[in-house]
Each structure stands twice: as structure tokens, then as C-alpha cells.
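Working notes, structure below.
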Amino acid sequence: MAKALAGSKKAPGIKLGIIGCGNMGRALLEGLLSQKVLPRRHLLVSDVEASVSEAIQRQFKVKATDNRQLAAACQVLVVAVKPHQVGPVLEEVKECLSRKTLIFSLAAGVSTRFLERTLAPERIGVVRLMPNILVKIRQGVIAYCPGRYATGVDLLVKRIFSPLGKVIKIKESQMDTFTAISGSGPGYLFYLAELLEEIARKRGFSQQTVREIIATQFTGTGLMLAASSQPAKTLKEKVCSPGGTTLAGLAVLEQEKLSSVLEKAIQAAEKRSRQLTR
Ligand SMILES: NC(=O)c1ccc[n+]([C@@H]2O[C@H](COP(=O)([O-])OP(=O)(O)OC[C@H]3O[C@@H](n4cnc5c(N)ncnc54)[C@H](OP(=O)(O)O)[C@@H]3O)[C@@H](O)[C@H]2O)c1
């Protein structure tokens, strides 16, 4: 099944169901449709609020149904509900699954072991994924780790999730660090943008101008970083002319130990991720 979907643009016969039509479920559906990963008629959605999935059905012309019917109809299920809702959702759909069903979970802190235990005694294949909010604009980073019974799924995972951004495979033991750096990463960068915006506004720039300045330089910096094979340190040094303004600003960031503040922030996020994992 994995090879069929990965190898063919149309992937005949494969049905994919998304349980939970919130931020992530919707972003995934939009990505799958825009990249034509699967034909529209092979995509199903469900939500605890039927009115929500029915609105998606009207808007995207995919079939809305309930969790159990969706689970019975699909070979691939994407569980896109909040972490505490994953256990109840799996309990609800468990008896509708075939032994070949593959489950993708997007829930933060929900381990493959928890997913497999909940689905026992059947040895259902599960894959844990960790996206970030940038999947909404298809610029996300999505890490994944397959569980014990999900073998040979790499191509399938890439096929389904690459419309949302970069897809990378990691070990489950790296999930807390990945969550702290990438899952939470956009939050840190938004905070940096917020601080820079505030500072510029205090100096008389309008909000609109400030937003244009900051957003453009964040985008440009990201593109330059992505296009370069040089370390970030080298790129940083290239921006600094001797005795110049950037050097003066960076000297303060070093003196005030921004690096140790960031280290502590990542440690705190890693710790929280470990606490939330079950
Ligand atoms: N958003 C992010 O940036 C982000 C990043 C990384 C990982 N994630 C993970 O992605 C998952 C989804 O996050 P999200 O931001 O998309 O959440 P969300 O916007 O709250 O979407 C979840 C959707 O599932 C629905 N739902 C709740 N219980 C359900 C059930 N029993 N059956 C079917 N649908 C049900 C919710 O309805 P109600 O609203 O009525 O409860 C809601 O529409 C989470 O587990 C989160 O950890 C999200």
C-alpha cells in the first residue's frame, strides 16, 4: 500500500481520512488537494462537530462523515485532534480498523508506544509526526518517527506531508528536542519580531512600515540561510564591517549572553515536552 501511494501521482484505491478539522487537519487537506496527492474523492474528513466537517465538505468537495465510518473506509488515517483527545478517538475507531490501516498522529507528546498500546492487541502501524504552525503556509518542518509495526512507510509519509513543508525522519528519542527547536521555533521568532517591532514603533515608525521591514528581513534572512552552505556564523560575520553598526549591536547581544538565554529556553521547552509525553 505504501508503495502504491508513494509511486503514483493518482494513487488509485487509497483513501485517506483526516480526523479533526482544526488548524492542522485543514492545513493538511489544503496541501493534499493543492498538490493533487490524492483525488478529491479519496479524501474523507470527520470532526466531533458535524457542522465543522460539513462546512469543509461544502468548501473542498471532499466527503464528510463520522470517525467510525471514516476509519472503516480509509487505509490511511491522520489523527489531527488535541493530544488528550487521541486516546478516546483511537478507542472509538479501533474496531473499525483493518490490520493494514496506517495511523498518523500529529499530536504533540503522544508516543508511538501509547498509540500502539491503545490499539492493542492488533499490531496496527502508527507514525508519530511533529509539525509546526508554518504548515499553514506550506513552509513547515515535519518530523516523523514510525512505530514498531509501521515498516517501509518513508515514501508514503513524504508523499503525504511534503505539500506542507520539509519532511524529516528522526528517532523518537529526539522528539523533545525537535519539538523545542522546531515545533516551538516559530513562537520564538514571532517573539523576536514582536520585540523589534516594539522598539521601532517607540522610535516613531508606523506599525505598517515596521511590519514590512521585519517580515521582509525575516523572509530574506531565511532564504539566504537556506541557499547558503556556509555556517550561520560565517553569514553573520559577513554582515559585520569593522567598527560598524551590526558589530556594535551584536557585541551587546553577546555581552548580555543571548546564547545562554536561548539555551535555557530550549531546555525549558524540552523539559515541558518530556512532561507532556505519554
Ligand atoms: N497547531 C500547531 O501549531 C501544532 C503544532 C504541532 C503539533 N500540533 C498537533 O496537532 C494536533 C491538532 O492541533 P490543531 O492546532 O489542529 O488543533 P485544533 O485546531 O483544536 O483542531 C482539532 C480539531 O479536532 C476536533 N475534535 C476534537 N475531538 C474530536 C473527536 N473526538 N473526533 C473528531 N474531531 C475532534 C476539534 O473540535 P473542538 O474544537 O470542538 O474540540 C477541532 O476541530 C494537536 O494534537 C497538536 O498537538 C499542532
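Order of listing sets the numbers, starting from 1, for every ligand and every atom in it.
- Y144 is linked by a ring pair (Phe, Tyr, Trp, His ring centres under 6.0 Å) to nothing, counting only residues two or more places apart in sequence or in another chain.
- Closest protein heavy atom to atom 20 (O) of ligand 1: K82 CE, 3.2 Å.
- A side-chain hydrogen bond (donor to acceptor under 3.5 Å, both in side chains) with T112 is found for exactly one of R128, E172, R148, namely E172.
- Where the criterion is an N or O separation shorter than 3.5 Å, residue side chain and backbone included, D47 meets it with respect to ligand 1.
- Among V135, L106, L90, V79, the residue whose heavy atom lies nearest to atom 8 (N) of ligand 1 is L106.
- With L29 as the partner, the side-chain contact (heavy atoms from CB on, under 4.5 Å) test is satisfied by one option alone out of I56, L44, V78: I56.
- Not one N or O of N132 is nearer than 3.5 Å to an N or O of ligand 1, by distance alone.
- Using a 4.0 Å cutoff on heavy atoms, G183 does not count as a contact of ligand 1.
- An N or O contact shorter than 3.5 Å is missing between M130 and ligand 1 by distance.
- The residues K233 and E237 are annotated as salt-bridged, a charged nitrogen and a carboxylate oxygen being separated by less than 4.0 angstrom.
- Pairs of residues two or more places apart, or lying in two chains, that qualify as ring-ring contact (aromatic ring centres under 6.0 Å, His included) and include a residue from residues 75-110 are F104-F161.
- Protein heavy atom in closest approach to atom 40 (O) of ligand 1: V48 CG1, 3.7 Å.
- Nearest to atom 15 (O) of ligand 1 by heavy-atom distance, out of I142, I18, N23, is N23.
- The protein atom (non-hydrogen) at minimum distance from atom 31 (N) of ligand 1 is V89 CG2, 3.3 Å.
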